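To start, the structure under review is shown below, and the notes come after it.
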Amino acid sequence: MDKGERIIVSAPGRICLFGEHQDYLGLPVIPMAINLRIQIEATKRSDNIFSIELPDIMASEEIVYTQSQFVYSKKRDYFKSIFNVLMKRGYNWEHGWNCVIRGNIPINSGTSSSSALNNVWCKFLVEASQEGNKNISNQEIGMISYEAEVLEFNEAGGMMDQLSTAIGSINFMDFTQPITISRLSAQPGAFVLGDTQEPKDTEKILSETKAPAIKAMTTIQTLNSSVYFRNISINELYNYRDLLSEHELQVMKGVIYNREITSKALKLLQAQSINHTELGNLLNQHQLYLRENLGISTPKIDNMIQASLQSGALGAKINGSGGGGCMFAYAPENPEEVAKSIVKAGGEAYIIRIDEGLLTL
């Protein structure tokens with residue numbers, strides 16, 4: 001089959017090493033792409049229909065392309081929204097494609113399966129287009145996916161997921177405007193991803209973490225407009241404690257502690273060689289504040305984390321928005337034993353390592 005008649009694009013999932021619940025506050029994060037991936041394989045057809053098969057979830061969709069902006073027919077209609085965002089940028093298509101999408105990234109678990117899917121769909125549409133700039137970077141693909149996934153539907157999330165699954169590797173992402181992304185050369189050992197198989201409600205979690213943080217900061221800025229998430233200290237926060245609810249105070253403390261942990265982790269991952277024990281310690285500290293201050297852990301996640309630490313993991317934390325989904329453990333020396341302990345605690349385990357970003361095969 002001619003290469004022009006067949007397109008294959010692949011993207012990784014991701015874990016958030018440090019900075020959970022920080023990107024939407026304009027604070028830095030350190031995500032890592034993992035070697036669980038999603039792939040689209042598309043073959044050209046003679047009409048204007050894009051047929052999409054998703055055998056992993058036993059679903060399918062058919063989109064008739066007419067060179068006009070699509071009207072969304074359901075919540076989070078991402079296949080169409082990515083078409084719409086690309087058409088605004090001058091892309092169009094002369095014919096349809098048969099598309100099959102498969103992957104092994106856990107779904108609805110905090111490992112960015114939906115953002116990885118949107119990235120492969122976006123990259124595929126760029127490759128398949130007849131007009132429009134095909135020489136765009138993976139980072140630009142991630143930004144388009146963010147626009148289509150978040151801005152088009154007025155969603156609450158940040159852009160870490162789209163960018164990290166597009167770019168790959170480990171990156172320090174600073175969401176102060178303008179956004180800066182620095183690839184880190186660190187090569188950590190194996191991690192073990194543990195899927196609780198508990199569904200999570202990301203919108204609910206964000207309403208309980210993002211909303212209180214924003215409300216608290218808005219209150220603080222009425223008295224001191226120079227204070228923001230990036231520069232407020234714990235001591236300064238206590239100057240405003242009488243203005244904040246107990247929940248707002250707890251969330252803000254978590255924001256500050258996790259911001260400082262991310263800063264320490266950056267220095268650790270920039271070193272010529274990784275101090276594996278210290279990396280594990282920072283993951284454990286991060287988990288403490290995510291559980292105690294942000295309240296995003298669950299009893300099953302706690303049990304899986306404890307089991308992984310007892311079996312030799314150096315550190316472990318929740319992954320993603322929380323309230324279910326996944327945790328991961330850092331186990332550079334004994335990932336198989338840690339995986340067994342996670343399974344025994346009721347989870348599904350995947351031994352994972354750092355991986356590259358979007359690939360056209």
Side-chain angles (χ1 to χ4, degrees), residues 14-33 112 115 119 136-151 154-186 202 205-206 209-237 239-240 244 248 251-271 282 285-286 289-290 293-294 296 320-321 357:
R14 72 101 184 98
I15 57 175
C16 179
L17 294 178
F18 298 96
E20 214 74 77
H21 285 275
Q22 303 277 279
D23 59 334
Y24 54 67
L25 301 177
L27 294 172
V29 296
I30 304 177
M32 184 184 93
S112 299
S115 293
N119 279 334
I136 62 174
S137 68
N138 283 353
Q139 182 171 329
E140 290 173 295
I141 293 288
M143 294 298 293
I144 292 170
S145 290
Y146 169 75
E147 181 178 341
E149 184 175 341
V150 177
L151 302 184
N154 295 312
E155 295 276 337
M159 60 182 69
M160 171 179 64
D161 295 356
Q162 297 83 7
L163 290 174
S164 58
T165 58
I167 297 170
S169 189
I170 301 178
N171 291 277
F172 177 74
M173 298 183 177
D174 189 340
F175 292 99
T176 305
Q177 295 297 326
I179 297 168
T180 57
I181 299 175
S182 304
R183 178 165 292 192
L184 302 178
S185 59
T202 300
I205 291 293
L206 286 172
T209 54
K210 180 179 180 179
I214 296 293
K215 186 173 182 292
M217 184 53 66
T218 300
T219 299
I220 292 169
Q221 287 183 328
T222 61
L223 297 179
N224 188 345
S225 61
S226 67
V227 175
Y228 201 54
F229 294 109
R230 176 170 293 273
N231 59 16
I232 189 170
S233 67
I234 287 292
N235 289 338
E236 191 168 21
L237 174 65
N239 292 336
Y240 306 101
L244 308 178
E248 289 167 357
V251 169
M252 282 297 299
K253 286 167 62 177
V255 168
I256 295 169
Y257 289 138
N258 288 327
R259 182 195 70 197
E260 297 307 309
I261 287 172
T262 302
S263 179
K264 292 177 183 178
L266 174 62
K267 294 178 182 177
L268 184 71
L269 294 169
Q270 287 174 327
L282 288 175
Q285 291 175 39
H286 198 357
Y289 299 126
L290 293 173
N293 292 86
L294 270 63
I296 65 171
S321 59

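In this text, all values refer to a predicted model and were calculated from it rather than measured experimentally. Only heavy atoms go into these numbers, but all of them, side chains included; no hydrogens, no water, no symmetry mates.
Taking all atoms of both residues into account, the shortest heavy-atom contact from Leu27 to Val255 is CD1-CG1, 3.7 Å. Scanning both residues, Leu266 and Ile30, for their nearest heavy atoms gives N-CD1, 3.8 Å. Smallest separation of non-hydrogen atoms from Ile261 and Leu282: CG2-O, 3.9 Å. For the pair His286 and Gly19, the tightest heavy-atom approach, listed with the atom from each and the gap, is NE2-N, 3.0 Å. Summarising the geometry of Pro28 relative to Thr262, their closest heavy-atom pair is O-CG2, 3.8 Å, with the distance given to 0.1 Å. Nearest heavy atom pair, residue Met159 against residue Tyr146, reads CB-CD1, 3.4 Å.
Atom CD of residue Gln285 and atom CG of residue Leu290 lie 12.0 Å apart, to the nearest 0.5 angstrom. Expressed to the nearest 0.5 Å, how far CE of Met143 lies from CD1 of Ile141 amounts to 12.0 Å. To the nearest 0.5 Å, atom OG of residue Ser321 and atom CD of residue Glu20 are 8.0 Å apart. With rounding to the nearest 0.5 angstrom, the CD1 atom of Ile232 is 5.0 Å from the CG atom of Leu237. Rounding to the nearest 0.5 angstrom, the gap separating the OG1 atom in Thr222 from the OH atom in Tyr240 is 9.0 Å. To the nearest 0.5 Å, atoms OG1 (Thr180) and CZ (Phe175) are separated by 9.0 Å.
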How far apart are the C-alpha atoms of Asn293 and Val251, what are their side-chain angles, what is the distance that settles it, and do they pass the side chain to side chain contact (heavy atoms under 4.5 Å, CB included) test? CA-CA 5 Å; Asn293 292 86; Val251 169; over 6 Å; no

I would like to know whether Asn239 and Leu223 meet side chain to side chain contact (heavy atoms under 4.5 Å, CB included); could you show each step before the answer? CA-CA 11 Å; Asn239 292 336; Leu223 297 179; over 6 Å; no

Are Asn224 and Ser226 close enough, and set up right, to give a side-chain hydrogen bond (donor to acceptor under 3.5 Å, both in side chains), and what steps lead you there? CA-CA 5 Å; Asn224 188 345; Ser226 67; 2.6 Å; yes

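Take Ala33 and apply the side-chain contact (heavy atoms from CB on, under 4.5 Å) test, not counting sequence neighbours, and it matches Pro12.
For the pair Met252 and Phe229, the minimum side-chain heavy-atom distance is below 4.5 Å. Side chains of Gln162 and Ile144 form no contact here, defined as non-hydrogen atoms less than 4.5 Å apart. Between Ile214 and Leu25, some side-chain heavy-atom pair lies under the 4.5 Å cut-off. Ile179 places none of its side-chain heavy atoms less than 4.5 Å from the side chain of Met173.
A distance-only check finds no donor-acceptor pair linking the side chain of Arg14 to the backbone of Ile170 [under 3.5 Å]. The main-chain N or O of Thr218 is never found under 3.5 Å from a side-chain atom of Gln221 such that the two would form a donor-acceptor pair. Side-chain atoms of Asn258 come within 3.5 Å of backbone N or O of Gly254 as a donor-acceptor pair. Of the possible polar contacts, one joining the Gln22 side chain to the Arg259 backbone as a donor-acceptor pair under 3.5 Å is found. No donor-acceptor distance shorter than 3.5 angstrom exists from the side chain of Ser115 to the backbone of Ser112, with no hydrogens or angles considered.
Side chains of Ser137 and Glu140: a donor on one and an acceptor on the other come within 3.5 Å. Side-chain atoms of Tyr24 and His21 include a donor-acceptor pair closer than 3.5 Å.
For the side chain to side chain donor-acceptor pair (under 3.5 Å) test with Ser145, the passing option among Asn119, Asp161, Thr165 is Asn119; the others fail. For the side chain to side chain contact (heavy atoms under 4.5 Å, CB included) criterion with Val29, the lone passing option out of Asn171, Leu17, Asp23 is Asp23.
The salt bridge (Lys or Arg N to Asp or Glu O under 4.0 Å) pairs that include a residue from residues 211-233 are Asp174-Arg230, Lys215-Glu248, where partners are two or more places apart or lie in different chains.
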